[in-house]
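First comes the structure, then the notes that go with it.
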Amino acid sequence: MENRQTVALIKGDGIGVDVSNATVRIVNAALEKASAPQLTFEEIKAGATCFAETGRDIAPDGEERAGAADAIFLGAIGLPSIRHEDGTEISPHLRLRDRFGLYAGVRPVKAYPNAPQRLADPRAANIDMVILRESTEGLFYSAAAHGRSQIIGDSEVRDTLRITRTTTEKLHRFAFRLAQKRKAKGAPGCVTCVDKANVFASMAFFRKIFDEIAPEFPDIDRAYAYVDAQALNLIRAPWEADVLVMENMFGDILSDLAGGLVGGMGMAACAEIGDNHGLFQPAHGSAPDIMGQDKANPLAAILSGALMLDYLAEKSNVESFAKAGQWIEHAVDAGFEANSLRPMEFGGDMGTDAVTAQILSLIAADAAPKSA
Ligand code: IPM
Ligand code: MG
């Protein structure tokens with residue numbers, strides 16, 4: 001198997017394990033359907049459970065092994081009951097973003113038929129946007145996991161919001177290229193710079209670089225929004241949004257909000273891309289209250305698996321990986337269309353296994369994705 005690629009698999013905590021297992025099954029089936037080479041999954045222990053058991057938040061050689069793989073897949077990490085002394089949760093994932101320079105956090109938000117529509121306006125059925133969350137700096141630069149906060153005894157703590165030219169140029173170029181790819185498939189072709197440039201010098205700098213990069217992409221429109229107004233617009237007219245590019249913390253918050261618009265976090269897929277590495281994870285947490293109970297919606301993880309296949313296709317030039325990704329996306333589309341995907345998260349009758357089995361049978365069915 002000359003093109004055999006490896007995926008570092010970090011199942012993590014809580015439902016991270018349930019949804020990772022579901023994703024591996026679906027990815028394997030889609031690869032087979034697309035006559036693509038199989039992947040080798042290499043499991044790496046990491047997370048709060050790992051920390052409680054071993055005193056380390058990731059296996060000793062875990063970061064190196066993750067870096068050596070062609071892609072990293074992560075379920076979910078963190079348990080509220082297991083914390084560091086300063087009160088923060090166990091987050092080796094933030095170190096992986098930092099170490100591998102995974103600056104482009106791609107968070108697609110799309111409405112599916114028969115999934116809950118949280119807004120009464122019928123146009124909410126047309127929601128189809130991407131929140132592009134910078135994922136290595138911004139306010140997360142001094143996330144506790146990095147030990148960069150300034151702690152002044154027990155009287156004051158300062159966190160730093162860092163914006164660098166190098167990362168921001170790459171981020172904005174990524175945003176415009178993404179808008180081009182989406183435009184080719186019918187999206188409006190517009191990137192909105194979401195910031196707080198009216199108040200913070202760092203955010204004015206972020207916007208200045210956006211304006212420097214935008215002319216390289218004359219076929220794509222540009223727009224601006226302050227983050228508070230963008231929060232309003234995501235409720236008022238989310239169907240108008242295409243690609244929204246923003247700082248790390250803003251993206252963390254608005255991607256949950258946007259996930260809520262199309263059902264819930266069980267639909268929130270995510271790809272975190274750097275120059276040489278890619279990490280794929282559902283944007284939801286570990287939901288320990290439902291772990292191991294066959295209740296979690298695995299679709300965010302499964303759709304993240306499709307994003308991973310697309311990434312591997314580009315990285316390795318193996319077109320059949322992209323076809324496998326399209327099989328997964330097509331199965332999710334077709335399943336919602338026929339109301340045969342009814343996750344418990346949305347009040348439906350299907351647990352993790354039932355949703356997974358249904359996607360497997362949709363992939364096995366003959367109808368090919370339009371683009372495959
Ligand atoms: C996310 C999550 C993580 C983050 C947590 C679990 C560290 O909320 O991927 O959005 O804050 O980035
Ligand atoms: Mg989050």
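Atom set for the values below is all heavy atoms of this structure, side chains included, hydrogens, waters and symmetry mates excluded. Along the sequence shown, residues carry numbers from 1. Numbering of ligands and ligand atoms starts at 1, following listing order. Values in this document were obtained by computation on a predicted structure and should not be read as measured data.
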Check ligand 1 against the protein and report each N/O to N/O distance under 3.5 Å, formatted as atom name, atom name, distance.
residue	atom	partner	partner atom	Å
ligand 1	8 (O)	Asp252	OD1	3.4
ligand 1	9 (O)	Arg97	NH2	3.0
ligand 1	9 (O)	Arg107	NH2	2.8
ligand 1	9 (O)	Gln281	NE2	3.1
ligand 1	10 (O)	Arg107	NH1	3.0
ligand 1	10 (O)	Arg107	NH2	3.2
ligand 1	10 (O)	Arg133	NH1	3.1
ligand 1	10 (O)	Asp252	OD1	2.9
ligand 1	12 (O)	Arg97	NH1	2.8
ligand 1	12 (O)	Arg97	NH2	3.2
ligand 1	12 (O)	Arg133	NH1	3.1
ligand 1	12 (O)	Arg133	NH2	2.8

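Using cut-offs of 30° and 60° on the angle between ring planes, the pair Phe346 and Phe336 is tilted. The aromatic rings of Tyr311 and Phe280 are tilted relative to each other, their planes meeting at an angle between 30° and 60°.
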Under the side chain to side chain contact (heavy atoms under 4.5 Å, CB included) rule, what do Asp333 and Tyr112 come out as? Steps first, then yes or no, please.
-> CA-CA 7 Å; Asp333 282 339; Tyr112 289 92; 3.0 Å; yes
Report the C-alpha separation of Gln230 and Thr192 in whole Å, then their side-chain angles, then the decisive distance to 0.1 Å, and conclude whether the side chain to side chain donor-acceptor pair (under 3.5 Å) test is met.
-> CA-CA 10 Å; Gln230 185 62 59; Thr192 304; 5.2 Å; no
Sequence neighbours left out, cut at 3.5 Å: what donor-acceptor pairs do the side chains of residues 101-109 make with other protein atoms?
residue	atom	partner	partner atom	Å
Arg107	NH1	Ser255	OG	3.0

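Residue side and main chain included, Asp252 places an N/O/S atom under 2.8 Å of the Mg ion (ligand 2).
In summary, of the residues considered (Val7, Leu9, Thr6), a side chain to side chain contact (heavy atoms under 4.5 Å, CB included) with Leu39 occurs for Val7 alone.
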